[in-house]
2 protein chains.
Amino acid sequence: MAPVHHRKEVDESYAKEKEAAFAEFIQRKGLKTTRQRNTIVATFFRMRGHVSVEELLNEVKKANSRIGYATVYRTLHLLVESELVEERRFGDGLARYEGHSDVEHHDHMICLECGEIFEFFNPRLEALQEKLAEENDFKIFRHRLELYGACKDPEACANRKQKRQASAGN
Amino acid sequence: MAPVHHRKEVDESYAKEKEAAFAEFIQRKGLKTTRQRNTIVATFFRMRGHVSVEELLNEVKKANSRIGYATVYRTLHLLVESELVEERRFGDGLARYEGHSDVEHHDHMICLECGEIFEFFNPRLEALQEKLAEENDFKIFRHRLELYGACKDPEACANRKQKRQASAGN
DNA sequence: TGGATTGCGAAAACCGTTTTCAATATCCAC
DNA sequence: GTGGATATTGAAAACGGTTTTCGCAATCCA
């Protein structure tokens with residue numbers, strides 16, 4: 001019932017595991033292993049939260065400044081295809097990418113003040129959706145639930161907001 | 001508990017009422033009453049469902065072929081600002097506009113086969129969301145719930161799909 | 001009815017994303 | 001290893017939906 005926040009610490013073993021899984025996917029698809037893809041994937045799995053393309057590119061450029069948008073976009077598509085990553089859109093017009101959490105499925109609460117995105121999961125909510133679909137002769141393949149609002153801890157919220165604004169002027 | 005479909009018939013009185021409300025809004029804002037805006041608004045409130053800009057423009061052009069995208073976009077923004085219309089995005093990358101239904105708030109089931117968008121509302125669902133937010137010290141301003149899947153009535157679905165494809169080659 | 005002001009339409013700009021294309025890197029067969 | 005077929009890269013152009021610009025037209029208040 002408690003919210004499932006994204007990982008507090010991104011440990012090496014997690015990133016390594018994901019990198020290996022991606023390498024396996026690349027091989028399975030008969031694609032080539034490249035320096036750029038490795039850099040992008042390694043960078044992605046060492047970031048946390050819901051990463052935008054720009055945020056990722058900024059990080060990636062620290063390792064290899066010659067990598068551009070095109071390759072980042074292409075690699076993200078591969079990550080999504082490999083099912084190691086999910087694409088999300090929260091209505092601000094840009095795609096965000098999320099490495100799978102420990103939980104299979106979850107929904108989101110988005111604070112409009114500090115921009116923080118919280119994850120949560122509740123089985124009753126899922127069951128109720130299924131029930132409603134059933135009643136209307138509808139079969140659910142996937143769903144999306146987003147709660148937009150404000151976190152109630154003003155201190156933490158203000159801190160995050162400040163941090164966000166600082167890193168925006170990058 | 002039954003789904004709230006959009007109006008089956010768009011009656012004159014409904015459209016007239018909305019047009020009057022828009023006229024009042026325009027006046028209140030000190031804006032000018034124009035032929036084009038009237039045409040667009042009148043057309044919009046005589047269409048049903050979740051209307052895309054292109055669909056609306058197509059209809060509008062039947063009344064006045066000189067009206068272009070810019071004015072339709074601008075008028076839709078005014079409609080949203082007037083709170084007579086809500087903007088929705090269902091992840092196919094284009095905005096859809098919805099005149100308020102009889103129900104204040106509702107969620108959506110979207111059939112990925114025929115494209116039909118059903119509306120529904122369930123108080124238990126709303127209450128559960130509030131409860132979950134509460135538990136996580138979060139205050140909900142608004143939410144979005146979309147169930148993507150398939151309608152279970154294959155005939156109706158096929159009909160709608162065909163109809164949609166026919167009107168696409170417009 | 002004049003004239004300040006707002007709105008219009010066409011075209012250009014925008015913005016996030018995708019594609020193109022020539023140059024480069026990968027990797028399998030030898 | 002090396003060659004060579006093939007995949008990948010990066011820069012720039014294209015894209016698609018939306019917004020803005022700009023010169024002209026319409027509105028509406030005094």
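Throughout, protein chains are lettered first and strands after them, A, B, ... in sequence-line order, and every chain is numbered starting at 1.
- Taking atom CG of Asn64(A) as the reference point, atom P of dT8(D) lies 17 Å away to the nearest angstrom.
- Ring orientation note: the planes of His106(B) and His108(B) are nearly perpendicular, at an angle over 60° on the 30°/60° scale.
- Atom CD of Gln27(A) and atom P of dA7(D) are 16 Å apart (whole Å).
- Straight-line distance from the NZ atom of Lys29(B) to the C1' atom of dT27(D): 18 Å, rounded to whole Å.
- Remark: P of dT24(C) and CD1 of Ile67(A) are 17 Å apart, rounded to the nearest angstrom.
- Arg74(A) comes within 4.0 angstrom of a nucleotide base, judged by non-hydrogen atoms across all strands.
- Nearest heavy atoms, Gln129(A) versus Leu147(B): OE1-CD2, 3.6 Å.
- With distances taken from any side-chain atom of Lys32(A) to the nucleotides dG9(C), dT17(C), dA5(D), the minimum falls on dA5(D).
- Distances shown here put a side-chain N or O of Gln36(A) below 4.0 Å from the OP1 or OP2 atom of dG10(D).
- For the pair Lys61(A) and Leu78(A), both in contact range of DNA chain D, the more 5′-proximal nearest nucleotide belongs to Leu78(A).
- Comparing dA10(C), dT17(C), dT18(D) by their closest approach to the side chain of Arg89(B) singles out dT18(D).
- Whole-Å rounding puts the Leu76(A) CG to dT17(C) P distance at 10 Å.
- For Tyr73(B), no side-chain nitrogen or oxygen approaches OP1 or OP2 of dT19(D) to under 4.0 Å.
- Comparing dT8(D), dG16(C), dT20(D) by their nearest atom to the side chain of Arg37(A) picks out dT8(D).
- When distances run from any side-chain atom of Leu31(B) to the nucleotides dA10(C), dA5(D), dG7(C), the shortest one goes to dG7(C).
- A distance of 5.0 Å separates CG in Leu57(B) from NZ in Lys61(B), rounded to the nearest 0.5 Å.
- Take the nearest nucleotide of DNA chain C for Ala70(B) and for Ile26(B): the residue whose nucleotide is more 5' is Ile26(B).
- Atom NZ of Lys139(B) is separated from atom NZ of Lys152(A) by 7.5 Å, given to the nearest 0.5 angstrom.
- The side chain of Val53(A) lies closest to dT17(C), out of dT17(C), dG9(C), dA11(D).
- Taking atom CZ of residue Arg96(A) and atom C1' of nucleotide dT17(C), one finds them 15 Å apart after rounding to whole Å.
- Taking only side-chain nitrogens and oxygens, Thr34(A) comes nearer than 4.0 Å to OP1 or OP2 of dT9(D).
- Within the 4.0 Å cut-off from OP1 or OP2 of dT26(C), not a single side-chain nitrogen or oxygen of Thr33(A) is found.
- The phosphate of dT18(D) (OP1 or OP2) has no side-chain N or O of His77(B) nearer than 4.0 angstrom.
- To the nearest 0.5 Å, atom OG1 of residue Thr71(A) and atom CZ of residue Arg35(A) are 13.5 Å apart.
- Spacing between atom OH of Tyr97(A) and atom P of dT17(C) amounts to 6 Å, rounded to whole angstrom units.
- Glu86(A) and His105(A) are not linked by any side-chain donor-acceptor pair at a separation below 3.5 angstrom, with hydrogens and angles left out of the test.
- Here the P atom of nucleotide dT19(D) and the CG atom of Leu94(B) are 12 Å apart, to the nearest Å.
- For Arg35(B), taking side-chain heavy atoms from C-beta onward, the closest of the listed nucleotides dT8(D), dT27(D), dG9(C) is dT27(D).
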